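The structure appears below as structure tokens.
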Amino acid sequence: GVLRMGQPQSRAQYILLAKAGVCAAEYDPDFGHKIKSGVVTQILSSEKTTILRRRMTDFLTDSAAKCLKNYQNKPNSLSNRKMAAAGLASFDARLEKDGMLPSDAEMLDGGKAKIIDITTVNDNDSIAAGTFNILYRRRIYSSMRYIVLKAEIGQSVVVKESEV
């Protein structure tokens with residue numbers, strides 16, 4: 001592991017660090033120190049992912065596991081399975097309300113931001129074996145890593161209201 005590293009001085013150094021999966025900070029005179037390359041390396045592969053995604057994924061799975069501990073070793077009844085799914089849904093809804101997760105309304109294509117499925121991932125054999133599966137698919141916010149400003153400024157620019 002890295003114990004200490006000096007401040008990268010060039011764009012090429014930041015690119016090398018990002019390729020290596022090292023999250024590098026830079027000093028911005030307007031904001032102070034901030035993340036320049038918000039990537040980390042996955043533990044099980046060399047795939048790079050953003051810090052936001054990694055931390056949010058860990059937070060959601062760790063929190064869901066803690067929430068579901070309340071149902072561990074209870075009878076594998078439909079009622080208990082529904083209560084476990086409802087507990088997870090309640091946790092998820094609070095995060096949406098607090099603005100930490102996107103809601104279905106924020107999906108541009110009319111799709112869903114989440115699914116909590118306990119029906120299609122279980123069958124009589126899995127229930128008999130004492131296994132209760134929950135499929136939790138969740139969209140999270142991405143970071144605005146690339147902000148593109150498109151500007152037309154000049155003496156000959158004609159401004160018209162665009163159709164929405």
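Please read these numbers as outputs of a predicted model, since none were measured by experiment.
Within the hydrophobic cluster formed by Ile, Leu, Val, Met, Phe, Trp and Tyr side chains joined at under 4.5 Å, directly or through other members, I116 is accompanied by M56, F59, L60, L68, Y71, M83, L88, F91, L95, M100, L101, I118, F132, I134, Y136, I140. Alongside V159, the hydrophobic cluster contains V157 (criterion: ILVMFWY side chains under 4.5 Å).
Within 6.0 Å of the CG atom in N124, the count of heavy atoms belonging to other residues, nucleotides or ligands does not exceed 12.
The salt bridge (charged side-chain N to carboxylate O under 4.0 Å, His left out) search around D58 returns R54, not counting sequence neighbours. In this structure K112 satisfies the salt bridge (charged side-chain N to carboxylate O under 4.0 Å, His left out) test together with D104, sequence neighbours excluded. Scored by the side-chain hydrogen bond (donor to acceptor under 3.5 Å, both in side chains) test, E96 finds K114, R138 as partners (sequence neighbours excluded). Under the side chain to side chain contact (heavy atoms under 4.5 Å, CB included) criterion, D123 pairs with D125, S126, sequence neighbours left out.
The CG atom of N133 lies 10.0 Å from the CG atom of D117; values are rounded to the nearest 0.5 Å. Atom CZ in R81 sits 9.5 Å away from atom OG in S79 (nearest 0.5 Å). Taken to the nearest 0.5 Å, the CG atom of L78 stands 8.5 Å off from the OG1 atom of T119. Here the OG-CG distance, from S103 to D92, works out to 10.5 Å after rounding to the nearest 0.5 Å.
Under the 3.5 Å distance criterion, with hydrogens and angles disregarded, a donor-acceptor pair is assigned to the side chains of S90 and R94.
Contact detail for A113 and P102: the closest heavy-atom pair is CB-O, 3.5 Å.
Between L135 and R137, the closest side-chain pair of non-hydrogen atoms falls below 4.5 Å.
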